[in-house]
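This report concerns only the one structure given below.
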Amino acid sequence: MIALVAILLSAVLFALLNSDAYKSEQMRYKLGLVGSTDNEMIDLGVHLLETEDDMQFVLELVQYEDEAEAKAALRSADISAYIVITDEFADAVDAMTNDAKLTYYATSGQKGISNVMMDEIALVATNIIVPSEKGICTLRDIMAQEGYDKTDTYMAVYEIFMAYVNTMMLRGEISTVTELGISNGLTTPQYYFVSLLLFFLLLVTMCFVSYFIGINHAQHKFFSSKGITPLQQVLGEYIPFLTVNIIVALLVVGLAKITGLGDFIGVDIDSGFVLGMFVIEALFTGLAFLLYEILEGIINKVLVTFLLYIAGSYASGYFYPRSILPEIMQQVGQWLPTGLAFDYLGGVVTGESGAFVMVIMIIYVVIFVGASVLIRLRY
């Protein structure tokens, strides 16, 4: 049963990471360039965009000699938009006359995310290029009116041009970029790996329900008559239960390490990750032990436990990112055992300190075991 659940959840993870929706998120927006880029200034701009500027991570430039070819690529959605570089524009760049415009084409009709992004990129380019060009042209015209010779004017224009270029290149450093990820700073592969792994470990605790069904209250009374206290009884059952679940968790994590799955999705399976497995298993087995101690009968132990697991997993963001849930559900799910486990393991993956969450989880374990002991006192 454990192997079957592991295989099924692994198949789900593989399908999610290879889905068209996920792959589309990893693609850069393709921008077509129609016309010659042999002009020194235009070639410099294209080179900066492709190799030096932060825009290289967003845009992929595709050059076309013929506008008909670019138009066909746009209609077939191979590119998001294209720009026509005319000879008049190249001449205007050389002369710095600012009297020629670039023509930008995108698909018409209802806009998708690509169109919106391209409009934003075009707006950014306009806000950077147009004021810079106006500043350069204004400086040149004023120096010409004041009677400066061409050499001084050229040097001054060159200096202000380089100042603009340096400022543009450094604009990515004026702010700090924090990648929020899909949930708690996790990337999409990391999120699915953590959520499916935790859901698997949660379901594994149900594999031992047959053991708890086979124990009856007469045995508890017999143990008590022999001087075995309820605390000793609970620990004598809980510790082996925990040990078996830890072995299962280590096997699964070890397979992820050996097969390279962890490296593929950006999860460093190290000693900290293994320690997280110990704490999470203590939490999950403590919860399962308490439920099996409270519930009577095979139907209740299986059905009620499974429904509670599903509800807790949903509220804790295992199936969908917690941020899309109602605010009250987010707050409740955050403090559920399943939510604490997700936050803790997610923090381990992203390299954040999870000491506070670990303390809360240990408190939960003590509460679960203590409550089980109190229930056992009835016998």
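Throughout, residue positions are numbered sequentially from 1 according to the sequence presented. Because the structure is predicted, anything quoted here is derived from the model rather than measured. The basis for the numbers below is simple: all heavy atoms, side chains too, and nothing from hydrogens, waters or symmetry mates.
- Counting non-hydrogen atoms of other residues, nucleotides and ligands closer than 6.0 Å to CD1 of I298 gives a total of 12 or fewer.
- Annotation: the span from T138 atom OG1 to M143 atom CE amounts to 13.0 Å, rounded to 0.5 Å.
- Residues F241 and F208 place their aromatic rings such that the two centres sit under 6.0 Å apart.
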Let me see the working for F199 and F319 under ring-ring contact (aromatic ring centres under 6.0 Å, His included), right down to the final yes or no.
CA-CA 9 Å; F199 188 59; F319 307 138; 5.3 Å; yes
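- Using a 4.5 Å cut-off on side-chain heavy atoms (C-beta onward), M206 and F306 make contact.
- A donor atom on one side chain and an acceptor atom on the other are found under 3.5 Å apart for Y309 and T205.
- Within 6.0 Å of atom OH in Y64, more than 12 heavy atoms from other residues, nucleotides or ligands are found, so the atom counts as buried in its surroundings.
- Side-chain contact check for D268 versus F273: every heavy-atom pair is 4.5 Å or farther apart.
- Here CD1 of I280 is found 5.0 Å from CG of L198. Values are rounded to the nearest 0.5 Å.
- Counting non-hydrogen atoms of neighbouring residues, nucleotides and ligands closer than 6.0 angstrom, the CD1 atom of I299 reaches no more than 12 such neighbours.
- By the 4.0 Å N-to-carboxylate-O rule, E237 lies close enough to R376 to be salt-bridged with it.
- Atom CG of L283 is separated from atom CE of M361 by 5.0 Å, given to the nearest 0.5 angstrom.
- When the side chains of ILVMFWY residues are joined at heavy-atom separations under 4.5 Å, either directly or via intervening members, L287 and I239 end up in a single hydrophobic cluster.
- Hydrophobic clustering of Ile, Leu, Val, Met, Phe, Trp and Tyr side chains at less than 4.5 Å, counting indirect connections, keeps L251 apart from F284.
- Apart from I258 itself, the hydrophobic cluster it occupies contains nothing, where clustering links Ile, Leu, Val, Met, Phe, Trp and Tyr at side-chain heavy-atom distances under 4.5 Å.
- One distance of note links CG of D270 with CG of L275; it measures 10.0 Å at 0.5 Å rounding.
- With no hydrogens or angles considered, no side-chain donor-acceptor pair links Q330 and R322 at under 3.5 Å.
- Distance CE/M277 to CG/L250: 9.0 Å, rounded to 0.5 Å.
- Going from atom CZ of F289 over to atom CZ of F212 covers 5.0 Å, rounded to the nearest 0.5 Å.
- With hydrophobic clusters built from ILVMFWY side chains whose heavy atoms lie under 4.5 angstrom apart, Y105 shares a cluster with I79.
- Between Y158 and Y154, the ring planes are parallel. Angles under 30° get that label, and only those over 60° would be called perpendicular.
- Residues I269 and Y191 share a single hydrophobic cluster, defined by chaining ILVMFWY side chains whose heavy atoms lie under 4.5 Å apart.
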